[in-house]
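To find a chain, count down the sequence lines: A is the first, B the second, and so on, and within it residues start at 1.
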Number of protein chains: 2
Amino acid sequence: MSLPHPDADQITLPAVLAALGDDTRLAIIGCLARSDAITGLVCGQLCGLTSKTNLTYHVAKLREAGVINVRPEGTRRRVTLRREDLDNRFPGFLDTVIASAIDLPLVDITLRQLHEAVQD
Amino acid sequence: MSLPHPDADQITLPAVLAALGDDTRLAIIGCLARSDAITGLVCGQLCGLTSKTNLTYHVAKLREAGVINVRPEGTRRRVTLRREDLDNRFPGFLDTVIASAIDLPLVDITLRQLHEAVQD
DNA sequence: TCAATTGTTCAATGAATTTTGAACAAGGAT
DNA sequence: ATCCTTGTTCAAAATTCATTGAACAATTGA
């Protein structure tokens, strides 16, 4: 049940770009950006995007690239964006990605609010 | 005989991410970033990266995504980064990409070739 | 204990991407 | 004109990536 994550300083942009160069994974990022920045989501809440099995695959890709954190929580997996690590490593990058991953007119939380939520 | 380029406002980040999520294409970006920003490079100066045929393929990918501009120049193709368009569309994004593409170990183009490239 | 929930693993398939070589086209130089 | 250089096109092959289903594992709750 070990879920290996790269350390913040091991995150490379080529790997991040490869992970984000896919529509399904970009959609996952969009969902996470819209969700509560702190609690994140569990995989089941992302299943509208693809099948359960396939979601495991894409979530692993994002985790291995250092884009998301996946924490076991009982039988679930709590998924959060590694916002702080990515902001430190590549300032501004994640904001740009999120802005285009959120393709909705109805956004229930603004980017600024997301930022502030993380600071607390 | 001009090649099709997307207008600046037609450039989408998902397409750009897909284009940059590849090591060969990132290496091309690295070479262009090191070259003279105005004159750019011709394809032949990038051939250390891959075969001539394959280069045509990757350069087309980058062009179609709106990352580079390709201008016919006699029998050559002058390749430049679309810095301004990308900076306007996704502020800071290209700088971040370049910072990590600039020192890709994958590039086996020699220093001499680079020198000639910049002077040309 | 038993059943339901949540997600993983594995092997196989399908699909898309990347790479290659041969033949070709266009422009420049001699 | 004829070569030479530079790059393209096309079809095929190689490779990588994404998707699926069946069987499994771990946890929770009745």
Please list each protein N or O that sits under 3.5 Å from an N or O in nucleotides 11-16 of chain C, with the distance.
none

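Under the 4.5 Å side-chain heavy-atom criterion for Ile, Leu, Val, Met, Phe, Trp and Tyr, B:Ile98 and B:Leu13 are members of the same hydrophobic cluster.
Here D:dC17 presents its P atom at 15 Å from CG of A:Leu17, a figure rounded to the nearest Å. Protein atom OH of B:Tyr57 is 16 Å distant from nucleotide atom P of D:dC10, rounded to whole Å. A:Gln45 places its CD atom 14 Å from the C1' atom of C:dT5, with the value rounded to the nearest Å. Atoms CZ (B:Arg78) and C1' (D:dG7) sit 14 Å apart, rounded to a whole Å. In this structure, CG of B:Leu62 is placed 14 Å from C1' of C:dT18, rounded to the nearest angstrom. B:Leu3 places its CG atom 14 Å from the C1' atom of C:dA25, with the value rounded to the nearest Å. Between the CG atom of A:Leu55 and the C1' atom of D:dT20 there is a distance of 14 Å, rounded to whole Å. Look at CG on A:Leu20: it is 17 Å from C1' on D:dA18, rounded to the nearest Å.
To the nearest 0.5 Å, atoms CG (A:Asn69) and CZ (A:Arg77) are separated by 12.5 Å. Atom CG of A:Asp85 sits about 9.0 Å away from atom CG of A:Asp7, to the nearest 0.5 Å. The CZ atom of A:Arg71 lies 13.0 Å from the CZ atom of A:Arg76; values are rounded to the nearest 0.5 Å. Atom OG1 of residue A:Thr12 and atom CD of residue A:Gln10 lie 10.0 Å apart, to the nearest 0.5 angstrom.
At the phosphate of D:dG7, neither OP1 nor OP2 sits under 4.0 Å from any side-chain N or O atom of B:Arg76. The phosphate of D:dT19 (OP1 or OP2) has a side-chain N or O of A:His58 nearer than 4.0 angstrom. OP1 or OP2 of C:dT20 has at least one side-chain nitrogen or oxygen of B:Ser51 nearer than 4.0 Å.
Each of A:Val67, A:Asp22, A:Leu26 was scored for a side chain to side chain contact (heavy atoms under 4.5 Å, CB included) with A:Leu62, with one residue passing: A:Val67.
With D:dT6, D:dA26, D:dA18 as the choices, the nucleotide that has an atom nearest any side-chain atom of B:Thr75 turns out to be D:dT6. The nucleotide whose nearest atom lies closest to any side-chain atom of A:Cys43 is, among C:dG7, D:dA18, C:dT17, C:dG7. Side-chain proximity of B:Arg77 to the nucleotides C:dT8, D:dT8, C:dG7 is greatest for D:dT8.
Nearer the 5' end of DNA chain C, as judged by each residue's closest nucleotide, is the contact made by B:Lys61, out of B:Lys61 and B:Lys52.
Proximity of a side-chain donor or acceptor of A:Arg25 to a complementary backbone N or O of A:Lys61 within less than 3.5 Å is not detected.
Within the nucleic acid shown, A:Arg25 comes within 4.0 Å of sugar-phosphate atoms alone, with no base atom in reach, counting heavy atoms only.
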